[in-house]
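To start, the structure itself, in structure tokens.
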Amino acid sequence: MLIQRPFYFWVQRLLYLFSNTVLILLFLLLPFQKRFRAFLSGFSDQMIPTDLVLPDFFYRHIEFFPGDLVIFVLVLLVLLQAPKTLCSKLLTTPVRWLVLFCLTAFFSIALSPARYYLLQYVRLLQFSTMILLFCAIEYIVAQNRIRQLIKWIAWTTVITIGMQCVIACMQYFSQSPLGLHKMGEPPLHWFSFPNPGKQRWIFDQFSHFQLPLSVLYRATGLFSHPNVFGGFLFFSLLNASYLYVIHQEKWIKWVLTPLIFLHFLALSVSFCRAAMIACIIGGIIWTVIQYFWMEDFSYRKEVKKIWVLFFISGVICLALFHQQFFNRGGIINYNQVVQYADEERIVYQEIALKMIKANPWLGIGFNNFQLCNDPIQFGLFLCAKVHNIYLLIAVETGIIGFIFFGAFLFSILKRAMQKPFSQEQAVFLSIFIGFLWIGCCDYYFVEQMYGKILFFTSLALLNATAQKKIILQPCPLKKRAFLPRS
């Protein structure tokens, strides 16, 4: 026993350190989620029924991402440490609501015309891994000091996205990709809008510089879309604000100040309006919590500095790109025809409402939005999904799936509203509210590996932080009817 006990202790210690390292690695590799076709792609083609019409733009192969491997390793490490604890979390709130949602999604596929298509079940399985990721993160937070772990995650995020900001600025001002397609960089001409003045920013007016084309390419970094990049910028910006507030060292604040401005600059050249509004909403929520729901008043001075920095950065970026912001409404398709993104999204929302009425309870099937639609009935052959995660979930998994997913979000929000607030709870609650808004404008939180990891890790950190704070709070002493004699 004297030999086995130290050995067991060091094994547990190594597993603990490895799980923390892999969690940090998950945030470090977030921009590098290039899809890889698996060896089962040919098998998935054979599973397509003959009567199922697939559009040419639909990616019909089984695909995996680096995030899948990292999640597998993270969950495995937690299972080796506490298998019973991880399994027991599947029956606790809010995880059980997510489990019920995935079960509903399975039956929605099984009852849909694409029930013989293997790809739908594989993508549901990939989505279901978010349940294990959620539970694993809750366990890791419970075993760590909250502030120390969140600081590591925040610094990893800010540095990683800061590098993406540099890449995005180089993409925008050169108006061309940087040749990083092997790392996941998409072609920039996919994301353009009309630019009658042929200028990138206000200084082009003074130097009389003009681009060769009357379109402007939006910056993406190494992410798959400028809107996805914008969501990560919002997440990183609030993490940078959190670091600015909790650190007292002046040199750290001097490092964070240009990084915050760089985030604003990259957010401007991504032209992601949903993320810009989310920054305003999240910043307001974060400030309200600091002033009204926080017991520690010592951080208010730093919050004021953050808002001054936000205001100056916003005014500078607005002055630099004001003309380009006004032209943002239109998009250029492959036939060089100008369409308006807002009008297209409204059409997709109207189609989604028709689909919900046609299949109200279990929907048309998980991941079937582009497959199970009738161009004659709905008036359009869908080349994308409705830019709203709530409508998308209601369409694909029905009202039942929507209720379970809504209960999952509500249970997290209910637990996170426990007072008094910590700084970690405040920043992740603000991020959560901002994500709810972005979910009204886009669908990558439940569709792409980038968005799923970002969304569910943030929710898990919020839920675990709020839960651990409740556990650590001292219980009030109850009055006793009789006191001991001694």
Side-chain angles (χ1 to χ4, degrees), residues 161-162 164-178 185-221 223 225-234 236-237 257-283 307-346 387 434 437-438 441-442:
I161 302 302
Q164 297 299 310
C165 292
V166 176
I167 294 175
C169 292
M170 294 173 63
Q171 289 173 337
Y172 178 77
F173 289 107
S174 66
Q175 284 295 289
S176 62
L178 304 182
E185 182 185 25
L188 294 185
H189 66 270
W190 289 358
F191 320 110
S192 59
F193 60 89
N195 183 28
K198 298 183 179 182
Q199 295 173 342
R200 300 162 301 179
W201 59 340
I202 192 172
F203 291 112
D204 287 346
Q205 298 179 10
F206 304 135
S207 61
H208 303 288
F209 174 84
Q210 286 190 337
L211 296 169
L213 300 176
S214 58
V215 296
L216 197 61
Y217 299 148
R218 301 168 61 188
T220 65
F223 293 93
H225 196 281
N227 293 343
V228 180
F229 182 40
F232 278 84
L233 285 170
F234 159 68
S236 181
L237 189 60
T257 299
L259 277 175
I260 290 175
F261 175 75
L262 186 61
H263 279 65
F264 270 89
L265 187 63
L267 185 61
S268 300
V269 299
S270 72
F271 296 94
C272 180
R273 295 169 294 179
M276 294 177 185
I277 297 175
C279 288
I280 298 174
I281 296 174
W307 270 109
V308 171
L309 183 58
F310 278 16
F311 178 77
I312 295 175
S313 300
V315 169
I316 292 176
C317 291
L318 183 61
L320 293 177
F321 306 103
H322 70 279
Q323 187 62 48
Q324 287 71 31
F325 287 147
F326 290 130
N327 297 330
R328 167 64 181 87
I331 58 175
I332 307 293
N333 64 11
Y334 294 111
N335 297 322
Q336 297 299 317
V337 177
V338 178
Q339 298 176 344
Y340 291 94
D342 298 333
E343 295 178 359
E344 182 185 17
R345 295 186 180 190
I346 292 175
H387 285 65
W437 160 253
I438 294 178
C441 307
D442 220 315

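Counting from 1, the numbers follow the sequence of the chain as shown. All values reported here derive from a predicted model rather than from experimental measurement.
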How far apart are the C-alpha atoms of V215 and H189, what are their side-chain angles, what is the distance that settles it, and do they pass the side chain to side chain contact (heavy atoms under 4.5 Å, CB included) test? CA-CA 9 Å; V215 296; H189 66 270; over 6 Å; no
Under the criterion ring-ring contact (aromatic ring centres under 6.0 Å, His included), I'd like the reasoning laid out for F173 against W201: C-alpha separation, chi angles, the key distance, then a yes or no. CA-CA 9 Å; F173 289 107; W201 59 340; 4.8 Å; yes
Throw together a table of side-chain donor-acceptor distances under 3.5 angstrom for residues 309-323, partners on residues two or more places apart or in other chains.
from : atom 1 : to   : atom 2 : distance (Å)
S313 : OG     : L309 : O      : 2.8
H322 : ND1    : A319 : O      : 3.2

What donor-acceptor contacts under 3.5 angstrom involve side-chain atoms of residues 264-271, with partners at least two apart or in another chain?
from : atom 1 : to   : atom 2 : distance (Å)
S268 : OG     : F264 : O      : 2.9
S270 : OG     : L267 : O      : 2.8

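Partners of W437 by side chain to side chain donor-acceptor pair (under 3.5 Å), not counting sequence neighbours: none found.
In this structure, the separation between CD on Q171 and OG1 on T220 is 4.5 Å, given to the nearest 0.5 Å. Here the SG atom belonging to C272 is positioned 9.0 Å from the CD1 atom belonging to I277, to the nearest 0.5 angstrom. How far CG of N195 is from CD of Q175: 8.0 Å, rounded to the nearest 0.5 Å. A distance of 6.5 Å separates CD of Q324 from CZ of F193, quoted to the nearest 0.5 Å. To the nearest 0.5 angstrom, F229 atom CZ is 6.5 Å from Q164 atom CD. To the nearest 0.5 Å, atoms CD (Q210) and CZ (R200) are separated by 11.5 Å.
With S236 contributing its side chain and F232 its backbone, the two residues share no donor-acceptor pair below 3.5 Å.
For the pair F234 and G434, the tightest heavy-atom approach, listed with the atom from each and the gap, is CZ-CA, 3.7 Å. In plain terms, the two heavy atoms of L233 and H263 that are nearest each other are O-CD2, 3.9 Å. Summarising the geometry of L262 relative to G162, their closest heavy-atom pair is CD2-O, 3.8 Å, with the distance given to 0.1 Å.
Using a 4.5 Å heavy-atom cutoff, the side chains of H387 and C441 are not in contact. With a 4.5 Å cut-off on side-chain heavy atoms, C165 and I161 count as touching. In this structure, Q199 and F209 have side chains that are not in contact, with every pair of non-hydrogen atoms separated by 4.5 Å or more.
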